[in-house]
Amino acid sequence: MSTPAAQDLQTLLRVERLTTRFRTRGGDVTAVNELSFELAAGEILGLVGESGSGKSMTGYSLLDLVDPPGYIAGGSVRLRGRELRGLPAKDWQALRGDRIAMIFQDPMLTLNPVLRIDTQMVETVLAHRRLTRAEALHRAHAALVRVGIPAAGERLRSYPHQLSGGMRQRVAIAIALLNEPDLIIADEPTTALDVTIQAQILYEMQTLCREAGAGLIWITHDLSVVAGLADRVCVMYAGRIVEQGSTAQVLESPAHPYTRGLLDSTPAAALARGHRRGEALRPIPGAAPPLAALPAGCAFHPRCARADEQCLPPPPQAEPASGQRALCWHPLPPGAALSGPAASLEAP
Ligand SMILES: Nc1ncnc2c1ncn2[C@@H]1O[C@H](COP(=O)(O)OP(=O)(O)OP(=O)(O)O)[C@@H](O)[C@H]1O
């Protein structure tokens with residue numbers, strides 16, 4: 001039998017009850033609410049949800065990059081068994097860009113506009129590795145090739161403003177991969193790219209994770225990206241993970257009515273499930289609530305056709321070990337028909 005410490009080592013990342021709040025004039029609001037999930041080495045986790053559900057803030061919280069008025073209010077983040085919460089700033093500097101890398105929606109959060117690409121990449125390598133400049137440059141070149149940048153040698157001598165938006169994003173991704181991190185957190189980095197380039201980058205990221213055993217958290221609102229990329233999925237709503245499980249489980253047989261609603265309002269997913277072209281998609285009625293005015297109990301209940309008075313107390317904690325994946329009093333039964341009418345979601 002393995003000890004808890006040994007189990008921690010097998011699990012690349014273990015997040016328990018991570019909570020992040022913002023101080024506002026009306027009082028504190030909770031943007032990341034008791035998040036718990038695990039990630040194994042070589043595994044890809046898709047973090048999905050509507051805008052404002054807390055996906056990016058989760059990424060920043062994992063990297064201890066929450067700026068005031070935000071603050072991490074509690075929880076634990078362990079990387080290979082090592083607790084990261086409460087680490088001194090110098091330890092975080094050593095970790096970021098080395099063992100943990102983040103790829104942002106905006107590549108200019110990574111790139112320095114006044115430095116050539118080769119300078120930035122070589123500095124990133126040498127900050128964490130005892131290599132010669134020539135070796136670091138070789139590594140930078142290889143990273144650019146890996147993300148599909150043509151004429152990589154020439155690009156290395158460019159400044160960021162000389163590159164297209166798509167090219168800048170690929171350079172930012174190459175920088176994140178430079179030191180072969182254990183954990184990569186990618187926040188919608190391919191949303192603005194052409195579909196062919198997006199597909200190439202998704203393929204490269206998948207290969208990298210499989211070969212190097214890196215864990216990848218891919219933040220997105222796009223379920224079709226998750227379907228093609230992720231091994232497991234966490235679905236977020238109003239700061240909470242409302243459902244998690246394997247990609248096949250969650251996308252083919254969602255247990256939470258919100259996941260079901262997301263799927264029913266996603267064109268690519270709806271088409272894949274046999275919707276006819278031109279057939280109306282079913283958007284989720286209403287809008288996500290502001291954090292400052294979350295409904296009592298399950299935050300999704302005002303938009304949920306399955307809701308009743310039982311949904312007013314907080315929903316039960318999901319316990320994946322027992323097979324319960326959804327934070328819901330009325331989860332959809334396993335294998336509920338997806339191609340037929342969503343009777344359970346339609347207004348009575
Ligand atoms: N400075 C702030 N003060 C108060 N609330 C904030 C602040 N910054 C972010 N929030 C809130 O935190 C919540 C989570 O935001 P986050 O950016 O993580 O959402 P998201 O799911 O990544 O959305 P998107 O897909 O649009 O990036 C949002 O509801 C947002 O209003």
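Residues: numbered from 1 along the sequence shown. Read the numbers this way: they start at 1 and go in the same order the structure lists the ligands and their atoms. Quick note: numbers below take in every heavy atom, side chains included, and nothing from hydrogens, waters or symmetry partners. Computed from a predicted structure; not experimentally measured.
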TODO: Please report which non-hydrogen protein atom sits nearest to atom 30 (C) of ligand 1, along with the residue it belongs to and the distance in Å to one decimal place.
DONE: Leu291 CD1, 4.5 Å
Open item on the list: Students should be able to answer this: which protein heavy-atom is nearest to atom 17 (O) of ligand 1, and at what distance?
Closed with: Ser56 CB, 3.7 Å
Open item on the list: I need the contact type for Gln105 against ligand 1. Using non-hydrogen atoms and a strict under-4.0 Å cut-off, is it side chain, backbone, both or neither?
Closed with: side chain
Task: Closest to atom 7 (C) of ligand 1 (judged by heavy-atom distance), picking from Tyr237, Phe22, Tyr60 - done: Phe22
Task: Distance from atom 12 (O) of ligand 1 to nearest protein heavy atom, with residue and atom - done: Ala31 CB, 3.5 Å
TODO: Kindly confirm or rule out an N or O of Thr24 lying under 3.5 angstrom from an N or O of ligand 1.
DONE: no
Open item on the list: If the cut-off is 4.0 Å to any non-hydrogen atom of Glu50, which atoms of ligand 1 fall inside it?
Closed with: 21 (O)
TODO: Tell me yes or no: between the side chains of Glu204 and Thr207, is some donor less than 3.5 Å from an acceptor?
DONE: no
- [ ] Would you tell me which option among Pro290, Gly54, Ala238 has the nearest heavy-atom contact to atom 15 (O) of ligand 1?
- [x] Gly54
TODO: Under the side chain to side chain contact (heavy atoms under 4.5 Å, CB included) rule, what do Leu87 and Arg82 come out as? Steps first, then yes or no, please.
DONE: CA-CA 10 Å; Leu87 278 187; Arg82 177 187 182 194; 4.0 Å; yes
- [ ] Give the C-alpha distance, both sets of side-chain angles, the deciding distance and a yes or no for side chain to side chain contact (heavy atoms under 4.5 Å, CB included) between Phe37 and Ile217.
- [x] CA-CA 11 Å; Phe37 64 89; Ile217 299 178; 4.0 Å; yes
Open item on the list: Does the residue Arg23 have a heavy-atom contact with ligand 1, meaning some pair of atoms that are separated by less than 4.0 Å?
Closed with: no
Task: Closest protein heavy atom (residue, atom, distance) for atom 18 (O) of ligand 1 - done: Met57 N, 2.8 Å
Open item on the list: Under a 4.0 Å threshold between the charged nitrogen and the carboxylate oxygen, would Asp187 count as salt-bridged to Lys55?
Closed with: no
TODO: Would you mind checking if Glu16 and Arg78 are paired as a salt bridge, meaning a charged N to carboxylate O distance below 4.0 Å?
DONE: yes
Open item on the list: For ligand 1 and Lys55, I'd like to know whether there is a polar contact (N/O to N/O, distance under 3.5 Å).
Closed with: yes
Task: Polar side-chain atom of His256 near backbone of Leu327 as donor-acceptor pair, under 3.5 Å - done: yes
Task: 4.0 Å heavy-atom contact, Ser53 with ligand 1 - done: yes
Task: Verify atom 26 (O) of ligand 1: protein non-hydrogen atom under 4.0 angstrom away - done: yes
TODO: Could you tell me whether Glu50 and Arg303 make a salt bridge, using a distance below 4.0 angstrom between a side-chain N and a carboxylate O?
DONE: yes
TODO: May I ask you to decide whether Arg232 forms a salt bridge with Glu43, counting only side-chain N to carboxylate O separations under 4.0 Å?
DONE: yes
TODO: For the pair Phe300 and Tyr237, name the ring-plane relationship: parallel under 30°, tilted 30 to 60°, perpendicular over 60°.
DONE: perpendicular
- [ ] If you have a sec, work out which protein heavy atom is nearest atom 24 (P) of ligand 1 and how many Å separate them, to one decimal?
- [x] Ser51 OG, 3.7 Å
TODO: Check whether any N or O atom of Gly52, backbone or side chain, sits under 3.5 Å from an N or O atom of ligand 1, and answer yes or no.
DONE: yes
Open item on the list: Let's go through Arg129 and Asn179 carefully: what are the C-alpha distance in whole Å and the side-chain angles of both, what is the deciding distance for side chain to side chain contact (heavy atoms under 4.5 Å, CB included) to 0.1 Å, and is it a yes or a no?
Closed with: CA-CA 8 Å; Arg129 294 285 180 280; Asn179 289 324; 3.7 Å; yes
